Amino acid sequence: MENYKKIIEDIYFEIKTIDDTGEIANYIPELANVSDHNFGIHITTIDNESFGIGDFDKKFSIQSVSKVFALTLAYKFEDAKLWERVGIEPSGNPFNSLLQLETDYGKPRNPFINSGAIVICDVLLSHLKNPKEDFLNFCKELSNNSSLNYNEKVAQSEKKSGYRNSALCNFIKSFGNIKNDVDEVLDFYFHICSLEMSCKELSKISLFLADDNFTSHKGNKILTMSQAKRVNAILLTCGFYDESGEFAFRVGLPGKSGVGGGIVAVHPDKYCIAVWSPKLNKKGNSYKGMLFLETFTTKTASSIF
Ligand code: GLN
């Protein structure tokens, strides 16, 4: 940890003041109320050593990062049958694109673009009695953290402006790949996206993807080794939408971003690291977050490649 700590501090101060060419997400009006000066980093190793700097303890809207936990829960319920509903290929298109759904007969390319996550939410609705509460409880178990919660303001703000996601959900339903009521699926999707965490919490909750021996505090194994391998593989190839190649090229770790400006990256058998900086590049990924992680894996020589 000492080694990581010094490197994280150095990069933090180096990047903190650079000119950030990104822009804060404003298509969800409530997200635009967050100060773009926030910048935090937190690392947690599989031995439970941890270190954070900057705004690492402030909660933010994790947005699409929650698609990782939704996929995990759906995968537990469905195992390989899940891939009949959603694919595992990078889409090469923006996260909210409708384009391929028509030629793919309503089967989204992967679970991390919006269309794929909406289908995952539909799968979860078919399994969960109280979807919002049950999903939140699952995240609390994963992280051993009872303070996790949705941000109702963010969820409602996205609901009001969610025309694109509404179009995606209706379009998929027309192919028969949404089984539940469209409004219920969307309400659930907007809520899981509104989940809030700090970098500290995000790096901890993701440990189940880095540690083969992970069991929750309730003694439950979350994913089998093979399932965790597959989730990491999809994170590497699809976690950053049409910038997944770029993230693998520059950072070299499985990871997931959200339009709240958070990114979590996983080094299997070593650590999880979360970065938060709200300004996004053109592909919807945190500008400073990507730069930080690129410099970090380079200086610590700790990418998976
Ligand atoms: N809730 C956001 C949306 O559906 C999530 C997108 C993201 O974080 N990339 O647009």
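Treat the numbers as computed from the prediction; the structure is a model and nothing was measured. Order of appearance sets the numbers: ligands from 1, and atoms from 1 within every ligand.
Of the protein's heavy atoms, Ser64 OG, 3.2 Å lies nearest to atom 5 (C) of ligand 1. The protein atom (non-hydrogen) at minimum distance from atom 3 (C) of ligand 1 is Glu158 OE2, 3.0 Å. Here the protein heavy atom with the shortest distance to atom 4 (O) of ligand 1 is Tyr189 OH, 2.7 Å.
Residue Tyr241 places a heavy atom less than 4.0 Å from ligand 1. Under the 4.0 angstrom criterion for non-hydrogen atoms, Asn165 is in contact with ligand 1.
Within the listing of ligand 1, atoms 1 (N), 2 (C), 5 (C), 8 (O) sit less than 4.0 angstrom from a heavy atom of Gln63. Every atom of ligand 1 with a heavy atom of Gly258 under 4.0 Å away is listed here by number and element: 8 (O). Every atom of ligand 1 is numbered from 1 in the order shown, and the set under 4.0 Å from a heavy atom of Tyr27 is 2 (C), 3 (C), 6 (C), 10 (O). The atoms of ligand 1 that sit less than 4.0 Å from any heavy atom of Asn114 are 3 (C), 4 (O), 6 (C), 10 (O).
Salt-bridge annotation for Lys173 and Asp122: absent, with no side-chain N of the basic residue lying under 4.0 Å from a carboxylate O of the acidic one. A salt bridge is defined here as a Lys NZ or Arg NE, NH1 or NH2 lying under 4.0 Å from an Asp or Glu carboxylate O, and Glu294 with Arg250 meets this definition. Comment: Asp10 does not engage Lys299 in a salt bridge, judged by the lack of any side-chain N to carboxylate O separation of less than 4.0 angstrom.
Here the two rings, on Phe112 and Phe240, have centers that are 6.0 Å apart or farther. Aromatic pair Trp276/Phe292: centroids not less than 6.0 angstrom apart.
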Please tabulate, for side-chain N and O atoms in residues 31-39, each donor-acceptor pair with protein atoms closer than 3.5 Å (sequence neighbours left out).
from	atom 1	to	atom 2	distance (Å)
Ser35	OG	His37	N	3.1
Asn38	OD1	Lys58	NZ	2.8
Asn38	ND2	Ser35	O	2.8

Should Asp134 and Lys129 be marked as a salt bridge (Lys or Arg N to Asp or Glu O under 4.0 Å) after you check the CA-CA gap, both sets of side-chain angles, and the distance that decides it? CA-CA 7 Å; Asp134 296 345; Lys129 246 193 171 151; over 6 Å; no
What's the verdict on salt bridge (Lys or Arg N to Asp or Glu O under 4.0 Å) for Lys283 and Glu243, showing C-alpha distance, side-chain angles and the deciding distance? CA-CA 7 Å; Lys283 307 280 185 179; Glu243 205 170 40; over 6 Å; no
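Under 4.0 Å from ligand 1, the heavy atoms of Cys193 that appear belong solely to its side chain. Residue-level proximity to ligand 1 for Val259 is carried by backbone and side chain together, each with a heavy atom below 4.0 angstrom. At a heavy-atom distance under 4.0 Å, no atom of Arg164 approaches ligand 1.
The shortest N/O to N/O separation between Ser257 and ligand 1 does not fall below 3.5 Å.
Atom-to-atom distance recorded for Thr215:OG1 and Asn220:CG is 8.5 Å, nearest 0.5 angstrom.
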